[in-house]
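What follows is a short report on a single structure.
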Amino acid sequence: MIPINHALLLSALLFAIGALGVFLRRNVITVFMCVELMLNAVNLSFVAFSRSLGTLDAQILVFFVMTVAAAEAAVGLAIILALQRHKDTLDVDAFDVMKW
Amino acid sequence: MFEDQILHIVPFMILLLPLGGFTVLALFGDWIKRDKEENGAGILACATVLGSFGLSVWSVVRLFGLVAGPTGLRFSQPYLGFEWIEAGGFRVPLSLLLDPLSAVMILVVTGVGALIHVYSLGYMAHDPVRVSYFSYLNLFTFFMLLLVLGGSMPLMFVGWEGVGLCSYLLIGFWFKKDSASAAGMKAFVVNRIGDAGLILGMVLIFHSFGSLDLVEITDNAGSLAKEGLGEFGVVTAACLLLFLGATGKSAQIPLHVWLPDAMEGPTPVSALIHAATMVTAGVYMVARLAPLFHQSETAMATVAVVGAATALMAATIALVQTDIKRVLAYSTVSQLGYMFLACGVGAFGVAVFHLFTHAFFKALLFLGSGSVIHAMSGEQDMTKMGGLRTRIPWTFWTFVIGTLAIAGIYPFAGFFSKDEILLGTLNAGRPVLFGLALFTALLTAFYMWRLLFMTFFGRFRGSHEAEHHLHESPWSMLLPLVLLAVGSATVGFVKVPHLIEAVFRLPVEAEHHVPWLPYLASAVAIAGIVGAYYLYVLFTDLPARVATTFAPLYRLFDAKYYFDKAYYALVDDVVVKGSDLVLWKKVDAGSIDGTVDATGRAVDAVAGVLRFAQTGLVRSYAFLILGGAVALLGYLLWP
C-alpha cells in the first residue's frame, strides 16, 4: 500500500506546478489548464485522506469539485472563445481593462 | 335601569345629530341640490340642531332633577363603555360630562345655534354653494358640543381643534376673495400658537394629576399647594399655558388680531362662531378649570389684567371703526375681555353669566347687522348708511333691544351680568380694574349707540340705487331676530351664577352688596348713550373735529394699536428674513450641505489612493488571492 505521504507529496507538487503555471504563463488556455491542474491536485489529496481515514466523505466532495470543474470548463472555454474573438489574442496581460 | 341608560345615551344623541346632518350633507349634498328642493340642505341642518336643542332641554331638566351629591353638585358622566385611548397608565374614555356648567353651554350652543341656522336659510338663500355652508355649520355645532360636553381634556381638545377648523372653513367661505382666504389663514395660524400652549398645559396637568379627566382634575386641584402672587410653580405654569390657549381662541391680547379679520365670513357665521359660541370656548375652559386657576394667584392676576386691558383696548378701537361688522367684532373682543376679567377676580360664575347673556345680545346684534347688510345689498360701511329706521323697522327695533342690552340698561340682559362683573372686581379688592371696567362700560355704550345712530338715524348717505333696493328681510331672518330680542330682554333674570357655583368647588365667600353700584353703572351707560346722541345726531360735524383735536390718539385707535403692523414686521423681518439669510443660506446651505459634501469629498480622496490596487491584471489578482489564502492558512495552522 502506498503511504499517504507519497500521495500528499504528489498532490502538493501538482498544486505548485499549477499555481506557478497560473502566475507565469501568459496564454489564457494554459492558465486555465493550470487551474484545472490545481483542482485535481486538491482532488488527489482528498482521495488520499479518504483512503487513509477509511471514510467516504472526502470522495463525495471530490464529485462536487469535478462537477464544478466541468461547469467551469464549459463557461470558461466559452469566455476564452469570446476573448479571442474580441482582441485576436489570448495574452492574459492584454485583458487589463477592469481597472480604474 | 332603563332610565339610567337613557341618561347615558341622550347626551351622545345631542352630539351625534349635528354630526349626522354633516355626514348626510357632505356625502349626499349634490343629490339634494339636484332634487330641486331649494332649501333641502338648510332645512335638514336646522332640523338636526333643533333636535339637539330639544334633547338638550330634556337632559338639562333631568339633570336638575337628579339628587345632589355631597358637595351640592348635580352631575352625570355619560359613558357607553368605549375607550378612546388606553396605553399604560394613560386612559381616555369616551365619556362626557353633564353638569350645570355644560348644561348652560349646550343650551346656548344649540339654542342660539338653531336660531342662526334658521336665519341662514334666508341669508344664504341665493348662495350657490349653501349645501357646503350648512354642512360646515352642522359640523361646527358637533365640535362645539363636543368641546363643552367632553368629559376629559383630550376630548375637549378635539372639539377645540374641530371648531377651529370649522371657523377657518367658514371665514374663508368666500375663498375666491383674497381677503377672505387670507383672514381664514390668519385665524388658523394665530390659533395654532394658542393651541401649542393648550397642549403643553395639558401635559403639565397630566404630569401633576396623572389624569386628564375633568372631574378628577377639579376634585384634586384643591390638594395642590397654593401659589401666591409672584410665585411661579407648576400650577402657575400650567394655568398660564392654558390661558395662552384661551387667548388664542377667545381673541385676547396678544392673540386677538384674528377676530376682526374673521368678519370676512358670512354674517350668520360671525354671529354663531365669532360672537356667541366658539370665541367663548376660552372662557368656558378657564371656568371649567376654575379650581386649578384658583390655586395660582399669579395666573389669576394675569387673567384679570389681560381681560381688563383687552376690554379697554378693543373698546377704544371700536370707537373709530366705520365697518358695521368690525365695530361688533371689536365689541366682542371687549366683552370677552370682561369675561376674563370676571374669571381673574374669581367670579367664574359671573363670567359664565356674561357669556350666557352676551351670546343672546351679540348674536342678535350680528344678525341685525346681517339684516342691515342684506337690505343695503352687501354694503358694510356705516358712512354710507343712515335713516334706515323707517325702512327696516323690525330690524331696527330688535337692534335697539340688543344695543340696550350690551350698553347695560335695566332690565335688559347685559345690565345684570355687567353689574355683577363690576361687583366682582370690587369684592376682590381691585379698584384699578374696577375703574377700567367702568370706563370700558362707558365706551361700550358710546360706540354701540354711535353704530345705531349712524346706521338708523339721520338721512340716507348711500347711492340712489342702494336706496331703491332697501327692503326688509324675509321672515326666516326676522323670526330669529325677534326671538333673540326676547331673550336679550329677559335672560338677565336667570340666576346663572347661583345655578352653577357648585361646579367651581370654591369656598363661598360672603358677597358685599354695593347698593350704589347699579345706579353708577346705569348712569355711566346713559352718559355714553347721551354722548353718542350728542355727537352723532345733534352735532354731526363734531366727531371730525374731535378726531383732529386728539389726532395722535385717533391714529393709535385707527391703526389698532399697531398690533398687525408689529406682527407683520415680526414675521416678515425676523421669521422670513431670518429663515432666508440665516437658516437657509447659513445653516442649511452652509453647515448641513457642507457636511454632506465634505463626507463625499473625503470618500473620494481615500478612494483615489486605494484605486491603484485595482490593476486590472488577472495574474496579480490571482497572486493576491493565493497570498491571502496562504496567509489565512498560516494563521490557522500556527501552533
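These values consider heavy atoms only, across backbone and side chains, with no hydrogens, waters or symmetry-generated copies. Throughout, a chain's letter reflects where its sequence line sits, starting with A, and its residues are numbered from 1.
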Residue pairs involving residues 163-173 of chain B (criterion side chain to side chain donor-acceptor pair (under 3.5 Å); sequence neighbours excluded): B:S167-B:H274
Side-chain (B:T599) to main-chain (B:T595) donor-acceptor, under 3.5 angstrom: yes
Pair A:D96 + B:R619, salt bridge at N-O below 4.0 Å: no
B:R192/B:E161 ion pair, N-O < 4.0 Å: yes
Contact listing (chain B partner; residues 57-80 of chain A; heavy atom under 4.5 Å): none
Option passing side-chain contact (heavy atoms from CB on, under 4.5 Å) with B:V163 (candidates B:L139, B:L147, B:L146): B:L147
Aromatic ring proximity, centroids under 6.0 angstrom, A:F23 and B:F623: yes
